[in-house]
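Let me begin by presenting the structure, written as structure tokens, before commenting on it.
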Amino acid sequence: MDLKTNILSVRAKIDRALAAAGRQPEELTILAVTKYVDASVFKELLTYGLQEIGENRLQDAVGKQEALGELKTKFKWHFIGSLQTNKARAAALRFDLIHSLDRINLAEVLSRVGEEIERRIPVLIQVNVSGERTKHGIAPDEVGVFYEEIRKLPGLRASGLMTMAPYTKDPETVRPVFRELRFLFEQVKAEYNPGPEWRELSMGMSNDYAVAIEEGATIVRIGSAIFGV
Ligand SMILES: *Cc1c(COP(=O)(O)O)cnc(C)c1O
């Protein structure tokens, strides 16, 4: 695995996509999705300026955080996998942003933890734009109502939307998925006036991040293109 080469080539492609869209590098957060690798790789990520980590399994993430010790505080931790209600508390305590809020009872549990620790837990609403049955997330036409429900919860901070596009060889075919998420994001903004905390669009993975950036992604989640798996 040549981490350096991979990261340089991802960054070059990201820069091209940003330039094509007339966007600034500061508008984008690159998550290194580390689900494929163990804690020994993390230090090297820092040397390449990657400080934001995406993990999709709580137990794996906890293991890596423990192995990292003090070093774990150098990173921001994003939970991107589907979250079981009985693991919500641990996730709220260990992660800086949860990308996968997809149901009301999970929102309620997270909010209670937030109230206890006096911190509004930052979350993104996961949307199943493509409608694939295997994917988690709120249906597009329910996003507004869902947002209206969770904005009342005092221990949560709803910061935006997340989606996973279907896997495809040609990323152009999923452009409409990203465009739709952006549209839903703008719709919430126009309808509910959420203020500046409503600001994230988490979309784009190794296969399709350039297209997602062109369509307005503020967070891309990249695993295999970085780790070469
Ligand atoms: C694994 C994963 C990614 C990264 O996928 P790659 O194709 O390896 O870049 C992004 N988001 C989620 C939710 C994932 O589970």
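Please read all numbers here as calculations on a predicted model, not as lab measurements. When a ligand or atom number is given, it counts from 1 through the structure's own listing order. Hydrogens, waters and symmetry mates are skipped; everything else that's a heavy atom, side chains included, is used.
Among all protein heavy atoms, the one lying closest to atom 5 (O) of ligand 1 is Met205 CE, 3.5 Å. From the protein, the heavy atom lying nearest to atom 8 (O) of ligand 1 is Tyr36 OH, 2.5 Å. For atom 13 (C) of ligand 1, the nearest non-hydrogen atom of the protein is Ile80 O, 3.4 Å.
Put simply, the side chain of Asp96 never gets that close to the backbone of Lys76: no donor and acceptor are under 3.5 Å apart.
The side chain to side chain contact (heavy atoms under 4.5 Å, CB included) check on Asn86 picks up Gln84, with sequence neighbours excluded. In terms of the side chain to side chain donor-acceptor pair (under 3.5 Å) criterion, Ser82 has no residue partners (sequence neighbours excluded).
Between Glu66 and Arg94, at least one side-chain N (NZ, or NE/NH1/NH2) sits under 4.0 Å from a carboxylate O, which counts as a salt bridge. Checked for salt-bridge contact, Glu116 and Arg112 miss the test: no charged N lies under 4.0 Å from a carboxylate O.
When heavy-atom distances to ligand 1 are checked against a 4.0 Å cut-off, His99 has no atom that comes that close, whether in backbone or side chain.
Of the candidates Lys35, Arg221, Lys135, Lys35 brings a heavy atom nearest to atom 14 (C) of ligand 1. Nearest-heavy-atom check against atom 6 (P) of ligand 1 across Ser202, Ser206, Ala225 picks out Ser206.
Close approach of ligand 1 to Ile222 is summarised as follows: ligand atoms under 4.0 Å from at least one heavy atom of the residue are 9 (O).
Heavy atoms of Asn207 stay at 4.0 angstrom or farther from ligand 1.
Atom-to-atom distance recorded for Glu27:CD and Arg199:CZ is 12.5 Å, nearest 0.5 angstrom.
Of the N or O atoms in Gly223, one or more lie within a sub-3.5 Å distance of an N or O in ligand 1.
For Tyr147 and Trp198, the gap between ring centers is short of 6.0 Å.
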